[in-house]
Amino acid sequence: MRTDAMPIVDIAGTPHERGRAHGEALQPQIAEMVERWSRRVETRTGGGVGAFLGRFLAETDFRPAIARWTPELEDEIRGIAEGAGQPEEIIFALQLLDEEWWYGGAEWPAHCSSLALAPRGGQPARVAQTLDLPQWREGLQAMLRVTDAEGGPAFIFTCAGMIGLMGVTARGFGLCVNTLIQLSHSRTGLPVAFVVRGALAQPDRAAATRFLAAVDHASGQNYVLGDRHGVAMLECSAGAKSEHRPGADRLWHTNHPLASKDLASGGIGDDWRTDSVLRCAALERRLADPAAPADLAAVKAALASRDDPASPVSILPDPAASPDKGCTLTAVIYEFGDSTMLHYTGGAPSATDWATLRVG
């Protein structure tokens with residue numbers, strides 16, 4: 001994916017109208033997403049998609065939490081399915097990305113690196129991340145420009161057919177994420193995609209933080225929040241919400257918990273240690289020194305870094321590797337100054353150009 005080739009889709013109106021516009025605009029990409037996802041399910045399970053979905057949806061019950069916290073998104077998903085001409089059950093399942101990982105139906109790629117810089121020395125607050133997912137999703141990236149009943153726009157990054165992965169709003173705040181699969185999960189909590197959209201629908205960062213603290217979470221996740229006044233990281237899981245704020249105005253995170261002790265029973269092994277810890281150390285080397293630059297160029301360089309070839313922050317697709325291997329699908333930087341600016345890439349930032357949009 002090239003940055004200039006990543007589609008930007010305007011969706012507005014009622015939740016159903018927003019979903020239908022998404023489904024119609026990205027119909028070919030959603031069909032490709034469904035086909036690729038179905039092949040991965042069949043390869044992993046040795047059975048058909050119908051059998052896997054039957055087990056997955058019978059052994060989890062996310063809909064009551066969705067109806068309680070983000071009921072409008074149920075209509076949006078129905079609209080996506082209708083616009084794309086796909087079964088609603090399949091489109092619903094596509095939203096359950098993190099939940100499918102801990103359920104056991106997918107290989108966890110163990111990626112995503114985030115950072116947050118509070119305003120200091122004339123530099124605006126910045127929140128940023130690389131979005132790293134299995135490389136079979138490469139080429140299906142998209143951005144949704146959402147106008148809802150609360151106004152807009154909000155720029156939501158996603159893969160075709162999904163309601164969203166992270167985003168920034170003209171109301172002056174933004175949200176980034178990185179998965180923490182080591183933390184406890186719930187088969188009845190609110191899935192991550194719905195948490196993201198629910199938080200971004202709030203009027204400001206304080207309300208979004210309260211939303212994150214109030215909901216029952218289905219999956220472990222680090223949520224990075226920022227506005228012109230400051231930044232924060234909140235590790236959320238089924239049993240705890242723990243703020244990671246060691247006292248500095250520069251924060252960074254990868255895919256292991258730095259604050260929460262709410263670990264999942266049984267554990268997931270130590271594979272993450274060979275990757276997440278090394279990426280976290282790479283960000284620390286670039287950001288920890290208070291005398292080191294923290295301007296836009298420094299943030300772009302941190303996200304594009306490949307300091308450790310075995311565990312780079314910016315991960316290139318590898319055609320010779322498994323389709324489940326992680327790669328960087330996009331990178332984002334939100335700047336919160338007198339105006340809110342969005343810098344983004346459509347692909348690994350070490351290999352593609354940045355684009356810039358004024359959000360509000």
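- Among H244, K241, H253, the single residue meeting the side-chain hydrogen bond (donor to acceptor under 3.5 Å, both in side chains) criterion with E235 is H253.
- Looking at D353 and D4, their side chains never come closer than 4.5 Å, going by heavy atoms from C-beta outward.
- Although no hydrogens or angles enter the test, the distance criterion places a donor-acceptor pair under 3.5 Å between the side chain of Q141 and the main chain of G139.
- Not a single donor-acceptor pair under 3.5 Å links the side chain of D275 to the backbone N or O of L278.
- Using a 4.5 Å heavy-atom threshold, the side chains of T188 and T60 count as separate.
- Contact of the V224 side chain with the N178 side chain is registered, since non-hydrogen atoms from C-beta on lie closer than 4.5 Å.
- The CZ atom of F173 sits 5.5 Å away from atom CG of L200, with the distance rounded to the nearest 0.5 Å.
- Taking every heavy atom of both residues into account, T345 and T3 meet most closely at CA-OG1, 3.5 Å.
- Side-chain N or O atoms of R197 include none that pairs as donor or acceptor with a backbone N or O of L73 at under 3.5 Å.
- In the hydrophobic cluster analysis, where Ile, Leu, Val, Met, Phe, Trp and Tyr join through side-chain heavy atoms closer than 4.5 angstrom, L287 is grouped apart from V332.
- Of the possible donor and acceptor atoms, one in the side chain of R279 sits under 3.5 Å from a partner among the backbone N and O of C112.
- R306 and S350 are not linked by any side-chain donor-acceptor pair at a separation below 3.5 angstrom, with hydrogens and angles left out of the test.
- Ring geometry, F211 versus W69: the interplanar angle exceeds 60°, so the pair is classed perpendicular (tilted spans 30 to 60°).
- To the nearest 0.5 Å, atom CG of residue L225 and atom CE of residue M233 are 10.0 Å apart.
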I would like to know whether R137 and R36 meet side chain to side chain contact (heavy atoms under 4.5 Å, CB included); could you show each step before the answer?
CA-CA 8 Å; R137 293 176 179 265; R36 293 187 195 181; 5.6 Å; no
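- Nearest heavy-atom pair, P124 versus E335, reported as atom, atom and distance to 0.1 Å: CG-OE2, 4.2 Å.
- By the 6.0 Å contact criterion, CZ on R39 is enclosed, its count of non-hydrogen atoms from other residues, nucleotides or ligands being greater than 12.
- In this structure, L180 CG and Y223 OH are separated by 9.5 Å, a value rounded to the nearest 0.5 Å.
- Interatomic distance, OG1 of T352 versus OH of Y344, reported as 10.5 Å (0.5 Å rounding).
- Here I30 contributes atom CD1 and H22 contributes atom NE2; the two are 4.5 Å apart, rounded to the nearest 0.5 Å.
- A donor-acceptor contact shorter than 3.5 Å is absent between the side chain of R286 and the backbone of A298.
- Residues L175 and M341 are members of separate hydrophobic clusters, defined by side-chain heavy-atom contacts under 4.5 angstrom among Ile, Leu, Val, Met, Phe, Trp and Tyr.
- Under 3.5 Å, the side chains of S219 and E99 contain a donor-acceptor pair of N or O atoms.
- Remark: R63 qualifies as a cation-pi partner of F92 under the 6.0 Å distance and 45° angle criteria applied to the six-membered ring.
- Shown here for G83 and Q27, the closest heavy-atom pair between the two residues is O-NE2, 3.1 Å.
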Walk me through whether V313 and L283 qualify under side chain to side chain contact (heavy atoms under 4.5 Å, CB included).
CA-CA 8 Å; V313 173; L283 293 177; 4.2 Å; yes
Step-by-step side chain to side chain contact (heavy atoms under 4.5 Å, CB included) determination, T328 to L303:
CA-CA 10 Å; T328 300; L303 296 178; over 6 Å; no
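- Between the side chains of D262 and S260, no donor-acceptor pair of N or O atoms lies under 3.5 Å.
- Using a 4.5 Å cut-off on side-chain heavy atoms (C-beta onward), R40 and P134 make no contact.
- At a cut-off of 3.5 Å, with distance as the only test, a side-chain donor of H343 or T356 sits close to an acceptor on the other residue.
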Passes salt bridge (charged side-chain N to carboxylate O under 4.0 Å, His left out), D318 versus K325? Steps please.
CA-CA 8 Å; D318 181 358; K325 181 184 181 295; 5.2 Å; no
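- Linking Ile, Leu, Val, Met, Phe, Trp and Tyr whenever their side-chain heavy atoms come within less than 4.5 Å puts V195 and F155 in one cluster.
- Counting all heavy atoms, side chain and backbone alike, I11 lies closest to A21 at CG2-CB, 3.9 Å.
- By the rule that hydrophobic residues join a cluster once side-chain heavy atoms approach within less than 4.5 Å of another member, L357 and M166 end up as members of one cluster.
- The closest donor-acceptor contact from the side chain of R18 to the backbone of D75 lies at 3.5 Å or more, if one exists at all.
- Contact annotation: the side chain of L96 approaches that of F56 to within less than 4.5 Å [non-hydrogen atoms, C-beta and beyond].
- In this structure, the side chains of E42 and V49 come closer than 4.5 Å at one or more pairs of heavy atoms.
- Proximity of a side-chain donor or acceptor of Y334 to a complementary backbone N or O of G167 within less than 3.5 Å is detected.
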Run the side chain to side chain contact (heavy atoms under 4.5 Å, CB included) check on F157 and M6 step by step: do they pass?
CA-CA 10 Å; F157 288 83; M6 186 163 68; 3.7 Å; yes
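- Taking the side chain as every heavy atom from C-beta outward, V299 and L115 approach each other to under 4.5 Å.
- Put simply, CH2 on W136 and CE on M33 are 5.0 Å apart, with the number rounded to the nearest 0.5 Å.
- Although no hydrogens or angles enter the test, the distance criterion places a donor-acceptor pair under 3.5 Å between the side chain of N255 and the main chain of H111.
- I315 and I181 sit in two unconnected hydrophobic clusters of ILVMFWY residues. Membership requires side-chain heavy atoms under 4.5 Å apart, directly or through other members.
- Judged purely by atom type and a 3.5 angstrom limit, E88 has no side-chain atom pairing as donor or acceptor with the backbone of I77.
- For the 3.5 Å distance criterion, the side chains of D98 and T179 qualify, holding a donor opposite an acceptor.
- In terms of heavy atoms, L234 sits closest to A213 at CD2-N, 4.5 Å.
- Looking only at atom types and distance, the side chain of H16 has a donor-acceptor partner in the side chain of E82 under 3.5 Å away.
- In this structure, the side chain of S184 does not engage the main chain of S237 through any donor-acceptor pair within 3.5 Å.
- Ionic pairing of R78 and E74 is not present here: no N-O contact between side-chain nitrogen and carboxylate oxygen is shorter than 4.0 angstrom.
- A232 and R245 get closest at one heavy-atom pair: CA-NH1, 4.5 Å.
- Inter-residue side-chain proximity for Y103 and R187 is flagged as met; some heavy-atom pair is nearer than 4.5 Å.
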